[in-house]
Amino acid sequence: MNTFKRKALFTAVVAGLGVAGSAEAVFVAPNNTGQALVYPYYTVQNNGTNSWNTYISVVNTTDVSKAVKVRILEGRTSAEVLDFNLFLSPNDVWTAAIVPSDASNTSAGRILTADRSCTAPAIPAAGEPFRNFQYSGQVAGLGRDLARTREGYIEMIEMASFTPGSPTDVAVTHVNGVPDDCSYVQVDSQLLLLADAIPPTGGLMGTGTLINVNTGLDAGYRPNALDAFSDTVSLTSPGEILPNLGDVSPPASVVFNSGYPGGGAGSMVATVYRSDFLDGSHVLAGAQALASVFMHESIMNEYVLDTVSASQTDWVVTQPIKSLFVDDVTAASPYSNILTASGACETVEFSFFDREERGATAGGIDFSPLPPSGDASSICWETTVLSIRNGATHMPTDPAISGVLASRNTTSITITPSFQNGWANLRFTGDNATGVGILANPASSDATVFEGGVTPPVNFTNNATVYLGLPVTGFMVRTFSNGGLTCATGSCQGNYASLFDHAYRNNITP
């Protein structure tokens, strides 16, 4: 029985993380609150004639007011389609909906809100359509029309908090549910507000909801929360492209890695890494620090393709920092390929099992388990939706549109026809993802290794920590359909959706 060993390990890891994090260093917050939030996916794509909508919320769980940069990015190259400044009152909740501008497949997405929290500029009652200005000059093969705005991801970054009782704090704080004076912050320049600004205080949390009313599908998620993102005020005017996710200050990270590398049965090993980064020739240190907290060698999740319930499965794979590493001239490690008319494609290997541990090449009689196998493929967009199919009659027939989310930024993966459910592993196999990665500054990076029953922990200081893989996040969405059901008031739909975050394997040395 390992109860004591596990408790001792977790206590040691928490203590070690506290020591490692005593200096500001960005990390993915396990309590889901932070200074920055990454919403891995939004969509307003049409599934046939039925449109998806995306509902978002952000909550200020602190007792100080805040200024937050809200940035909506399309999914192919992370080009900005809309941004604005949001001002949250203490204990405030702001909500909005992302919807299509009309019923066509080519119109822009737009944002709507009935919330009273201040935004700069103000969002019109009819909503604000998304724009293609930032990518209209890109190579034509990437798409220059407004249809590109229909899916992507969202980042929210706290730029500053405000001194309680200051003019800005008073202006944005709610009185009987209404801010005192939004016009005070709805100006071209934020210079007046800087006098009241203090460094970010964190405490943001949020939700994202993907909903398709006509098909009766709804799935929700929590965004990734990044804490200790910045120790400085970075309050910019509405419409400015900064701050972005690369503006980590100082450029350092804390990464917790757990697993059973080479251990015997029941062994438990965990490592806390604290890494500093240096500016590279193409990528600033802050972007490398942010990438390190999302670095994974592979993604794991389940799939359900059951014939009896006409089930389908999509995996969302978002790379929220890729655009700061890759352009049409340079691809900085961990990326291997530059941006072309087909995207910036990174090779992957997709291996899969059914629920009875049979591998992808299972057939005939053999000892179990069989080795997994799968053809190498590529993911090319910064938000890619993997559409997993097995050739059953209820599978979608268009390879350019994913089965669940109707994504146009999709890659179809067809698995063994007899496999109706199981799990899969998507591994990044590019040269830089597997062999170079991201290198922390060896002069000021350290790792502390904890193993159950071992005291004291093993410490590595001033080491050349290397993070392999790619910086990714996302989730799996699956559906079940029972067709039309008989209800008390007549017929009703029997469609259901559920969403689950990815699991990951990491490869970090030492």
Side-chain angles (χ1 to χ4, degrees), residues 35-39 42 44 54 56 58 65-88 94 96-99 101 108-113 115-138 144-146 148-150 152-162 168 171-172 179 181-197 200 204 206 229-230 232-249 284 286-287 320-321 323-324 327 382:
Q35 293 181 6
L37 303 175
V38 177
Y39 298 71
Y42 78 85
V44 298
T54 303
I56 56 174
V58 59
S65 57
K66 299 178 181 297
V68 177
K69 179 70 72 177
V70 178
R71 179 170 291 111
I72 303 169
L73 304 110
E74 56 81 36
R76 295 197 171 181
T77 64
S78 295
E80 182 181 284
V81 297
L82 198 73
D83 90 39
F84 53 90
N85 290 353
L86 168 66
F87 296 85
L88 295 173
W94 181 78
I98 299 176
V99 301
S101 292
R110 63 185 170 119
I111 192 166
L112 294 166
T113 183
D115 201 285
R116 295 180 173 181
S117 298
C118 300
T119 64
I123 297 174
E128 183 64 30
F130 296 163
R131 306 170 179 189
N132 64 347
F133 305 145
Q134 200 172 80
Y135 63 78
S136 60
Q138 289 181 342
R144 295 169 174 170
D145 59 13
L146 291 170
R148 264 180 70 176
T149 71
R150 295 175 67 89
Y153 66 99
I154 304 164
E155 58 189 39
M156 296 192 190
I157 302 171
E158 182 183 355
M159 299 183 289
S161 291
F162 296 106
T168 306
V172 303
D181 182 12
C182 283
S183 66
Y184 189 83
V185 297
Q186 291 169 340
V187 293
D188 291 338
S189 173
Q190 304 296 287
L191 291 177
L192 178 65
L193 314 186
L194 283 171
D196 302 333
L204 296 177
F229 181 83
S230 178
T232 62
V233 172
S234 54
L235 185 58
T236 61
S237 299
E240 291 193 21
I241 63 172
L242 298 176
N244 62 34
L245 288 179
D247 290 320
V248 174
S249 176
L284 296 179
I321 197 74
S323 62
L324 299 183
D327 55 32
E382 300 189 15

Sequence neighbours excluded, which residues qualify as side-chain contact (heavy atoms from CB on, under 4.5 Å) partners of L324?
N244, A287, I321

Does R144 have any side-chain contact (heavy atoms from CB on, under 4.5 Å) partners at least two apart in sequence or in another chain, and if so, which?
A140

Any chance the side chains of D115 and T113 put a donor and an acceptor closer than 3.5 Å?
no

Can you confirm whether the side chains of E74 and T149 place a donor and an acceptor under 3.5 Å from each other?
no

Okay, side chain of [X], backbone of [Y]: is any donor-acceptor separation there less than 3.5 Å?
{"X": "N132", "Y": "D145", "answer": "no"}
{"X": "D83", "Y": "V70", "answer": "no"}
{"X": "T168", "Y": "D196", "answer": "no"}

Parallel, tilted or perpendicular: which fits the ring planes of F130 and Y42, with parallel below 30° and perpendicular above 60°?
perpendicular

Partners passing ring pair (Phe, Tyr, Trp, His ring centres under 6.0 Å) against F84 (at least two apart in sequence or in another chain)
W94

Please enumerate all residues that pass side chain to side chain donor-acceptor pair (under 3.5 Å) together with [X], with sequence neighbours excluded.
{"X": "Q35", "answer": "none"}
{"X": "R110", "answer": "none"}
{"X": "T54", "answer": "none"}
{"X": "R76", "answer": "N409"}

Applying salt bridge (charged side-chain N to carboxylate O under 4.0 Å, His left out) as the test, list every pair that has at least one member in residues 122-134; sequence neighbours left out.
E128-R131

Please tabulate, one pair per line, all N/O donor-acceptor pairs under 3.5 Å involving side-chain atoms of residues 184-194, not counting sequence neighbours.
{"unit_1": "Q186", "atom_1": "NE2", "unit_2": "T119", "atom_2": "O", "d": "2.8"}
{"unit_1": "S189", "atom_1": "OG", "unit_2": "L191", "atom_2": "N", "d": "3.1"}
{"unit_1": "Q190", "atom_1": "NE2", "unit_2": "V187", "atom_2": "O", "d": "3.4"}

Between P179 and R116, is any pair of side-chain heavy atoms under 4.5 Å apart?
yes

What side chain to side chain donor-acceptor pair (under 3.5 Å) pairs are there with at least one residue in residues 234-243, not counting sequence neighbours?
K69-T236

Check salt bridge (charged side-chain N to carboxylate O under 4.0 Å, His left out) between E155 and all other residues, then give those that pass, not counting sequence neighbours.
R71

When rounded to the nearest 0.5 Å, the distance separating OH of Y135 from CG of L73 is 12.0 Å

